[in-house]
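Take a look at the structure below.
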2 protein chains.
Amino acid sequence: MSTPQPLLILTPDDLLATRWQALSSSPIRALDIEGLDTWRKAGHRLVVIDLGNRPAGASPVWTHRAWQENAAGLAILATSSRPDDEEGLAVLNAGASGYCHSHAPVDSLRQALDVIDSGELWVGRALLSRLLRLVDSRLPRAGLADWARPLTEREREVAHHAAVGESNVAIADALGITERTVKAHLKAVFEKLEVADRLQLALRVHGVR
Amino acid sequence: MSTPQPLLILTPDDLLATRWQALSSSPIRALDIEGLDTWRKAGHRLVVIDLGNRPAGASPVWTHRAWQENAAGLAILATSSRPDDEEGLAVLNAGASGYCHSHAPVDSLRQALDVIDSGELWVGRALLSRLLRLVDSRLPRAGLADWARPLTEREREVAHHAAVGESNVAIADALGITERTVKAHLKAVFEKLEVADRLQLALRVHGVR
DNA sequence: GACGCCATTGTCCACAAGGACAGGTCGCGT
DNA sequence: ACGCGACCTGTCCTTGTGGACAATGGCGTC
């Protein structure tokens, strides 16, 4: 670990404040967002902000003026006692450099701070791996899509039409064949892809889950 | 930094091998993928694998048997001399714990190794922020998904169940209500979201086009 | 030529889905 | 007290879907 940098900690939670004293001898304050301003002007970078259990209606802390104006000049590690993907994405996109669990071991926090202090971003394993899977499944994969490989050319066409919600008759019209034939192709598709119906097929084709 | 762990370095590049000697006194080998097996069996975890400039036609190193079988038990930091997002995603999805530039400062590498050794994932700022932006732009915005806003709480539940392919009866069972009621809720959902059937609903819910 | 795969179509049938009428209770605000 | 919205349930009925029997012709391989 490099030499410890001055660290501003913002949390409304007394337990966390106590717990985090080991991280720094620097100021610990209640969630005083305006304090970001003076902290940055003093030439410091590192901040830990505990998002805590935000009340449902309240506007998130990262929409506050003080956050918006200072995030770029600071390295903010946001912590949440109930982390979820949406919140993580939102806070990172709002300029935070890291997002992790409020009750993570102090050693983990120290590591995260070390990382964001060096200019990198910190995203916990859980959120990150979900991000990766999400992007991986949504990105147009190279070559033939995974689902299409076991299918014949005609089956691919039918499957694609079905996967965007067209009815059997509509597909038959579009391809200039009988509805019966569409059913035959779809039956083959269902078997090959091991799905029960056209909805499952649609989900598979569009890479859901 | 915690106490340095034994580190296996695999690279075909002599310059990199020299440069990375500072990281570890442990073995440095040419790209001998089979070595992963013995390394893991010896009880070690940390590995750096330089992907180098893969020739266009060659099958990526992460498709090899030795990689597939050992990735889960190891913490692999993959480095590339010409990193690109596709490669990064592929290698991370193949079980690597980190991905960064081959010529990154040795201090950065050390930090990355420290992170992956503690069980986390390491993704460099560039790739990570691109990931975030990508996901952010593709994910239906806002805490409440766009489609859910006009719906009542119950309608949301039913819609969600239907959107993952459950039948009306299954939904009824899951929610402890009658199939008839499920239909009623779905009818309302279809009208409010202006979709014709549950398949269109599923596509809308999962943000397809 | 026989065999297999593909594309095509046929009929019959069971069932899920969705629309069109109905109704009912409960809680909340005016 | 009254209206309104959310939630719940009922009975028809039409249509779409998918499975279970089929069959035919083309085309490539052994």
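Every chain is numbered from 1, with letters handed out A, B, ... down the list of sequences.
- If you measure from atom CD of A/E155 to atom C1' of C/dC5, you get 11 Å, rounded to the nearest angstrom.
- When DNA chain D is scanned in the 5' to 3' direction for atoms under 4.0 Å from non-hydrogen atoms of chain A, the outermost contacting nucleotides are D/dT17 to D/dC21.
- Nearest heavy atoms, A/W67 versus A/A96: CZ2-CB, 3.9 Å.
- In this view, A/E69 and A/R65 satisfy the side chain to side chain donor-acceptor pair (under 3.5 Å) rule, not counting sequence neighbours.
- The minimum heavy-atom distance between B/L109 and B/W20, with the atom names listed, is CD1-NE1, 3.1 Å.
- Near DNA chain D, defined here as any heavy-atom distance below 4.0 Å, the residues from residues 172-190 of chain A are A/R180, A/K183, A/K187, A/F190, listed numerically.
- Residue A/D197 contributes atom CG, which lies 12 Å from atom C1' of C/dA17 at whole-angstrom precision.
- Between the side chain of A/R198 and the backbone N or O of A/L186 there is no donor-acceptor pair closer than 3.5 Å.
- Proximity of B/R198 to the phosphate of C/dG18: a side-chain N or O atom is located under 4.0 Å from OP1 or OP2.
- Computed from coordinates, the A/Q200 CD to C/dA16 P distance equals 16 Å when rounded to whole Å.
- When each of A/E191 and A/V169 is assigned the nucleotide of DNA chain D bearing its nearest heavy atom, the one mapping closer to the 5' terminus is A/V169.
- Taking each heavy atom of A/W39 and A/V47 in turn, the nearest pair found is CD1-CG2, 3.7 Å.
- The neighbour count for A/H101 NE2, taken as heavy atoms of other residues, nucleotides or ligands under 6.0 Å away, is above 12.
- Atom pair A/E157:CD and C/dT8:P shows a separation of 9 Å (rounding to whole Å applied).
- In this structure, CG in B/L193 is found 5.0 Å from CG in B/L151, a value given to the nearest 0.5 Å.
- Using modelled atom types and a 3.5 Å distance limit, the side chains of B/S81 and B/S102 yield no donor-acceptor pair.
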